[in-house]
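No hydrogens, no waters, no symmetry mates; every other heavy atom, side chains included, goes into these values.
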Amino acid sequence: MAHWLMKSEPDELSIQDLRRLTRARWDGVRNYQARNFLRQMRAGDTFFFYHSSCAQPGIAGIGRIASPAYPDPTALDPQSPYFDTKATAEKNPWSALDVEFVEAFPEVLRLSALKTLAGLENLALLRKGNRLSVMPVEPAEWRVIRTLR
């Protein structure tokens, strides 16, 4: 089982939304490296649910990958903000997958707090200039972050 970190803006999909829905599609990833990570995920893998582009960015909870990756239908939907004019039903370069709720943290683990922790020096999220919405988390990093909650 692998561990991941996946970012979402809470006004699009929050950990509270996922709790209410229990399962949701994770779509709209439009970076090739993040898409490739998405395609590596397997059902049962766990991920930190990170709230981004908000007043308190940070890890808000944990989710689980519920399905393998499949073609992202939002790429074909002209009404979607993730519509891709070059994508077709036969050649859709983008992927989505289903995720399910595991746990919401009582408080968001803030980015500023994560930056101070020993053992997270190589965490992709904390590397300067890293803006990926999907990234792997090493088992040791996962354990360090889990001890915070």
Side-chain angles (χ1 to χ4, degrees), residues 1-115 120 122-139 141-142 145-146 148-149:
M1 179 173 63
H3 302 295
W4 306 90
L5 184 139
M6 298 170 69
K7 295 180 184 177
S8 178
E9 296 176 11
D11 60 349
E12 185 158 332
L13 180 70
S14 70
I15 191 71
Q16 293 80 15
D17 294 333
L18 188 56
R19 180 196 321 232
R20 181 177 42 80
L21 298 167
T22 68
R23 185 176 172 131
R25 182 175 68 212
W26 198 281
D27 56 23
V29 173
R30 294 299 180 265
N31 172 285
Y32 286 105
Q33 186 177 7
R35 180 217 51 198
N36 291 344
F37 287 142
L38 201 80
R39 289 178 176 178
Q40 292 175 32
M41 295 176 178
R42 300 291 174 251
D45 286 357
T46 51
F47 67 95
F48 287 125
F49 195 123
Y50 186 92
H51 284 174
S52 66
S53 300
C54 59
Q56 290 186 31
I59 299 173
I62 296 175
R64 183 177 300 114
I65 305 304
S67 76
Y70 53 84
D72 185 346
T74 65
L76 305 176
D77 179 2
Q79 303 305 312
S80 171
Y82 304 112
F83 177 63
D84 182 343
T85 58
K86 296 178 184 172
T88 66
E90 298 77 30
K91 283 188 96 172
N92 184 345
W94 305 113
S95 295
L97 48 70
D98 295 336
V99 298
E100 58 191 14
F101 176 80
V102 172
E103 176 184 3
F105 294 163
E107 293 182 27
V108 171
L109 302 177
R110 293 183 180 214
L111 181 60
S112 58
L114 296 172
K115 289 179 179 180
L120 298 184
N122 295 317
L123 182 67
L125 174 70
L126 304 181
R127 285 191 216 132
K128 195 167 185 89
N130 189 335
R131 298 186 46 84
L132 289 179
S133 60
V134 177
M135 61 193 74
V137 174
E138 294 298 323
E141 296 165 339
W142 181 268
I145 294 169
R146 288 292 290 151
L148 295 177
R149 75 137 309 299

With heavy-atom distances below 4.5 Å as the criterion, would you say the side chains of [X] and [Y] are in contact?
X: Leu114; Y: Leu148; value: yes
X: Met135; Y: Met6; value: no
X: Tyr70; Y: Ser95; value: no
X: Ser8; Y: Tyr50; value: no

Closest approach of [X] to [Y] (non-hydrogen atoms, all atoms of both residues):
X: Ile62; Y: Phe48; answer: CG1-CD2, 4.0 Å
X: Ala2; Y: Asp45; answer: N-OD1, 3.0 Å
X: Leu132; Y: Asn130; answer: N-OD1, 2.9 Å
X: Asn31; Y: Trp94; answer: N-CZ3, 3.8 Å
X: Leu13; Y: Leu18; answer: CD1-N, 4.3 Å
X: Asn92; Y: Ala87; answer: OD1-CB, 4.1 Å

Report, as yes or no, whether the 6.0 Å neighbourhood of atom CD on Gln40 holds more than 12 heavy atoms from other residues, nucleotides or ligands.
-> yes
Say you draw a straight line from [atom1] of [X] to [atom2] of [Y]; how long is it, rounded to the nearest 0.5 Å?
X: Phe37; Y: Trp4; atom1: CZ; atom2: CH2; value: 6.5 Å
X: Ser133; Y: Arg35; atom1: OG; atom2: CZ; value: 12.0 Å
X: Arg42; Y: Ser67; atom1: CZ; atom2: OG; value: 11.0 Å
X: Asp11; Y: Ser53; atom1: CG; atom2: OG; value: 8.5 Å
X: Phe83; Y: Asp77; atom1: CZ; atom2: CG; value: 8.0 Å
X: His51; Y: Leu111; atom1: NE2; atom2: CG; value: 14.0 Å

List the steps, then state whether salt bridge (charged side-chain N to carboxylate O under 4.0 Å, His left out) holds for Arg146 with Glu103.
-> CA-CA 12 Å; Arg146 288 292 290 151; Glu103 176 184 3; 3.2 Å; yes
Report the C-alpha separation of Phe101 and Ile15 in whole Å, then their side-chain angles, then the decisive distance to 0.1 Å, and conclude whether the side-chain contact (heavy atoms from CB on, under 4.5 Å) test is met.
-> CA-CA 8 Å; Phe101 176 80; Ile15 191 71; 4.0 Å; yes
side-chain contact (heavy atoms from CB on, under 4.5 Å) partner of Phe47, the single match among Ile59, Val99, Val137, Val102 = Val99
Going through the checks in order, is the salt bridge (charged side-chain N to carboxylate O under 4.0 Å, His left out) test met by Asp72 and Arg30?
-> CA-CA 10 Å; Asp72 185 346; Arg30 294 299 180 265; 3.0 Å; yes
Quick one: does Ser80's side chain have a donor or acceptor within less than 3.5 Å of a partner on Tyr82's backbone?
-> yes
Are the side chain of Glu141 and the backbone of Glu138 linked by a donor-acceptor contact shorter than 3.5 Å?
-> yes
Is it true that Arg20 and Asp17 have a side-chain N and a carboxylate O under 4.0 angstrom from each other?
->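 Salt bridge present between Arg20 and Asp17.
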Aromatic plane relationship, His3 with Trp142 - under 30° parallel, 30 to 60° tilted, over 60° perpendicular |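 It falls in the parallel class, under 30°.
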After noting the C-alpha distance and the side-chain angles of Ile145 and Leu123, does the key distance pass the side-chain contact (heavy atoms from CB on, under 4.5 Å) rule?
-> CA-CA 11 Å; Ile145 294 169; Leu123 182 67; 4.1 Å; yes
Among side-chain atoms of Ser52 and Arg131, is any donor-acceptor pair under 3.5 angstrom?
-> no
Would you please test Leu120 and Lys115 for side-chain contact (heavy atoms from CB on, under 4.5 Å) and show each step?
-> CA-CA 7 Å; Leu120 298 184; Lys115 289 179 179 180; over 6 Å; no
Scan Arg64, Arg25, Arg23 and name whichever one has a salt bridge (Lys or Arg N to Asp or Glu O under 4.0 Å) with Asp98.
->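 Testing Asp98 for a salt bridge (Lys or Arg N to Asp or Glu O under 4.0 Å) against Arg64, Arg25, Arg23 leaves exactly one candidate, Arg23.
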Go through Thr22 and Glu100 one step at a time and tell me if the side-chain contact (heavy atoms from CB on, under 4.5 Å) criterion holds.
-> CA-CA 5 Å; Thr22 68; Glu100 58 191 14; over 6 Å; no
